[in-house]
Amino acid sequence: MRTFIVTLLTLFVLAVPANAMPPNVDGLIVKPSKHTVAKTLDRLERLLKQKGLTVFARVDHMAGGRRAGKKLRPTQVLIFGNPKLGTPLMQSARTAGIDLPMKALAWQDETGKTWLAYNDPAYLAKRHGIAGRAVVLQKMSGALKALTDKATE
């Protein structure tokens, strides 16, 4: 019986496409969304603007791929920030500017599921050797979690 259960579980795991589960990428926070890619980022953009954050751009990778004659499932990036929080990080390490402003990536996997991902501020601090900015990093982390949770629910 145990062999049967192990075999059944193995078949189930092999039947699930690799991209049906969120990728495990260092420093990336990934969560499922109940909405399409476009609606997820529409919701996030509205929430960001309500909180007074600046939305700089939205990049539609699927449209770019189409222009290049390539197919890509819905994939979009929203670029946004808050200079009150980002500037202190860049004062500590100018290299943080390569990762700021923040970005949120939404994509649809091959099963039709939508995912939302963003860089963990603590990871960015570690990557750039930023110390002494715990309050800023906690504010960023808390705000990103709350806003992305609302956008995906």
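Computed over heavy atoms, backbone and side chain alike; hydrogens, waters and symmetry mates excluded.
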Asks: Flag the pair Gln108 / Thr75 as yes when at least one side-chain heavy-atom distance between them is below 4.5 Å, and no otherwise.
Replies: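 SC-SC contact between Gln108 and Thr75 ruled out.
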Asks: With heavy-atom distances below 4.5 Å as the criterion, would you say the side chains of Trp115 and Ser33 are in contact?
Replies: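 SC-SC contact between Trp115 and Ser33 ruled out.
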Asks: Following the transitive rule for hydrophobic clusters with a side-chain heavy-atom cut-off under 4.5 Å over Ile, Leu, Val, Met, Phe, Trp and Tyr, establish whether Leu47 and Met102 coincide in one cluster.
Replies: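 Same hydrophobic cluster.
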Asks: What pairs meet the salt bridge (Lys or Arg N to Asp or Glu O under 4.0 Å) rule with one or both residues in residues 51-64, with sequence neighbours excluded?
Replies: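 Applying salt bridge (Lys or Arg N to Asp or Glu O under 4.0 Å) to every pair that reaches into residues 51-64, excluding sequence neighbours, yields Asp42-Arg58, Glu45-Arg58.
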Asks: Taking side chain to side chain donor-acceptor pair (under 3.5 Å) as the test, write out the residues that go with Thr95, two or more places apart.
Replies: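 Thr95 satisfies side chain to side chain donor-acceptor pair (under 3.5 Å) with His128 once adjacent residues are dropped.
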Asks: Between Ser92 and Ile130, what is the shortest heavy-atom contact and its length?
Replies: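 For Ser92 versus Ile130, the nearest heavy atoms are CB-CG2, 3.8 Å.
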Asks: Nearest 0.5 Å, what's the CG-OG1 distance between Leu105 and Thr40?
Replies: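 Rounded to the nearest 0.5 Å, the CG-OG1 separation comes to 11.0 Å.
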Asks: Check whether any side-chain heavy atom of Glu153 sits under 4.5 Å from a side-chain heavy atom of Lys150, and report yes or no.
Replies: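 A side-chain contact under 4.5 Å exists here.
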Asks: By side chain to side chain donor-acceptor pair (under 3.5 Å), which residues pair with Thr152, not counting sequence neighbours?
Replies: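 Listed in chain order: nothing, the list is empty.
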Asks: Nearest 0.5 Å please: distance from the OH atom of Tyr118 over to the CG atom of Leu116.
Replies: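 Atom-to-atom, Tyr118:OH and Leu116:CG are 8.0 Å apart.
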Asks: Tell me, do Asp120 and Leu28 make a side-chain contact under 4.5 Å, heavy atoms counted?
Replies: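 Answer no - side chains too far apart.
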Asks: List the atom of Met140, the atom of Pro121, and the distance in Å for their closest heavy-atom pair.
Replies: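 Where Met140 meets Pro121 most closely, the heavy atoms are CB-CG, 3.9 Å.
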Asks: To the closest 0.5 Å, what do you measure between CG (Asn119) and CG (Asp26)?
Replies: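 Here the interatomic distance stands at 11.0 Å.
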Asks: Please determine whether side-chain contact (heavy atoms from CB on, under 4.5 Å) holds for the pair Val59 and Gln76, giving the CA-CA distance in whole Å, both sets of side-chain angles, and the decisive distance to 0.1 Å.
Replies: CA-CA 5 Å; Val59 179; Gln76 295 183 19; over 6 Å; no
Asks: How many angstroms lie between atom CG of Leu147 and atom CG of Leu53, to the nearest 0.5 angstrom?
Replies: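 Answer for the CG-CG pair, Leu147 versus Leu53, is 7.0 Å.
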Asks: Please, which pairs that meet side chain to side chain donor-acceptor pair (under 3.5 Å) have at least one residue in residues 140-149, sequence neighbours excluded?
Replies: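 Qualifying pairs: Lys31-Thr148, Lys31-Asp149, Lys145-Asp149.
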Asks: What pairs of residues pass the salt bridge (Lys or Arg N to Asp or Glu O under 4.0 Å) test when at least one of them lies in residues 126-143, not counting sequence neighbours?
Replies: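 Qualifying pairs, neighbours excluded: Asp99-Arg127.
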Asks: In residues 78-89, what donor-acceptor pairs under 3.5 Å come from side-chain atoms, sequence neighbours left out?
Replies:
| residue | atom | partner | partner atom | Å |
| --- | --- | --- | --- | --- |
| Asn82 | OD1 | Lys84 | N | 2.9 |
| Thr87 | OG1 | Pro83 | O | 2.7 |

Asks: For Arg66, what residues pass the salt bridge (charged side-chain N to carboxylate O under 4.0 Å, His left out) criterion, not counting sequence neighbours?
Replies: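 With sequence neighbours excluded, Arg66 shows a salt bridge (charged side-chain N to carboxylate O under 4.0 Å, His left out) to no residue whatsoever.
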Asks: Give the intermediate values and the outcome of side-chain contact (heavy atoms from CB on, under 4.5 Å) for residues Glu110 and Arg73.
Replies: CA-CA 8 Å; Glu110 64 268 5; Arg73 285 184 298 281; 3.4 Å; yes
Asks: Do you know which two heavy atoms are closest between Thr114 and His35, and how far apart they sit?
Replies: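 In this case the closest contact between Thr114 and His35 is OG1-O, 2.9 Å.
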Asks: Identify the two heavy atoms, one from Val37 and one from Pro74, that lie closest to each other, and give their separation to 0.1 Å.
Replies: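 Closest approach of Val37 to Pro74: CG2-O, 3.6 Å.
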